[in-house]
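Reading through the structure tokens given below for one structure.
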There are 2 protein chains.
Amino acid sequence: MDLHPLLEPIRFLVGSWHGTGRGEYPTIESFGYREDVSFLAGPGKPFLFYTQRTRSEADAPLHSEAGYVRMTPDGPELVVAQPTGLVEVHGGELTGTTLVFESTTVGATETAKAVERVVRRITGAGETLSYTLDMAYAGVPLTVHLAATLYRV
Amino acid sequence: MDLHPLLEPIRFLVGSWHGTGRGEYPTIESFGYREDVSFLAGPGKPFLFYTQRTRSEADAPLHSEAGYVRMTPDGPELVVAQPTGLVEVHGGELTGTTLVFESTTVGATETAKAVERVVRRITGAGETLSYTLDMAYAGVPLTVHLAATLYRV
């Protein structure tokens with residue numbers, strides 16, 4: 001596929017992925033989940049459209065989110081919107097096939113539970129994509145919340 | 001279709017829409033565009049997944065965005081992410097079949113062109129959906145930027 005030249009270093013992300021993950025946080029009971037993720041290249045533009053959905057081990061819908069990974073001459077950036085009423089704005093760094101995004105803004109609607117800070121690490125290894133998500137929330141400092149391993153579908 | 005009860009008042013939004021619009025702003029030349037919009041109900045949850053794409057009259061890809069319309073007991077809310085590196089968080093009001101969203105936060109990545117404020121008005125009338133988008137940007141106070149009329153597909 002013809003990608004925008006700025007996207008070449010993150011070609012490893014492009015595609016659809018399925019796998020399982022585990023959620024935990026000091027304020028909740030740990031849980032397992034199944035996940036579908038897509039990173040789709042737009043028409044000749046230097047961004048990927050990102051969508052994600054998770055389901056519980058009992059197959060109930062859990063989380064979803066959508067956004068864009070932008071590749072700029074100054075490095076990667078990420079914006080995400082969530083039906084929980086949150087948005088995230090991230091600056092990032094790419095090292096090999098590992099992307100690390102650190103939030104610069106986390107916005108929330110009036111009725112949403114505000115999150116203070118989010119760090120997302122995504123690593124590609126051929127047909128495998130793994131990620132972790134750490135967050136600072138409800139007075140808890142930056143702590144691991146999600147970790148998943150996905151396979152190309 | 002079974003919608004979450006909180007979504008009943010905005011059932012008029014649900015579906016896929018196509019039409020044309022016009023963009024203008026004091027800082028740019030006016031332009032026409034074609035647009036595809038979807039508002040899709042999630043699985044029993046009180047939000048709609050919103051996606052949008054526009055193309056120029058010469059059929060080149062222009063803008064796209066994705067987000068969620070949330071219906072809460074306190075009223076509608078909207079979160080949007082854009083590949084331009086922007087996110088919007090809105091509080092809203094529903095009057096009949098008109099939704100008015102006013103931004104409470106507009107976030108931007110480091111390399112994005114920050115927008116100060118956005119107001120989105122969406123009106124449903126059966127098989128027609130029309131909207132306007134006003135924005136405050138680059139020192140220009142809140143001014144109309146986009147207006148479009150879409151038809152159910």
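The chains referred to below are lettered A, B, ... by the order of the sequence lines, with proteins before strands, and numbering in each begins at 1.
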Student check: side-chain heavy atoms of B/Val144 and B/Tyr25 closer than 4.5 Å: no

Sorted by number, residues from residues 99-132 of chain B in contact with chain A (heavy atoms, under 4.5 Å): B/Gly107, B/Ala108, B/Thr109, B/Glu110, B/Thr111, B/Ala112

B/Phe47 side chain reached by B/Val79 side chain, heavy atoms, under 4.5 Å: no

Option in B/Val69, B/Thr51, B/Thr84 with maximal non-hydrogen atom pairs under 4.5 Å from chain A: B/Thr84

Interface residue of largest heavy-atom contact number with chain B, from A/Ser64, A/Pro73, A/Gly75, under 4.5 Å: A/Ser64

Pairwise side-chain contact, A/Thr143 with A/Pro26, heavy-atom cut-off 4.5 Å (strictly under): yes

Toward chain A, the part of B/Val80 with a non-hydrogen atom under 4.5 Å: backbone

Any side-chain heavy-atom pair of A/His63 and A/Gln82 under 4.5 Å: yes

Min side-chain heavy-atom separation B/Leu3-B/Arg11 under 4.5 Å: yes

Sub-4.5 Å side-chain heavy-atom contact between B/Ile10 and B/Leu94: yes

Near-ring test B/Phe49/B/Tyr68, centroid separation under 6.0 angstrom: yes

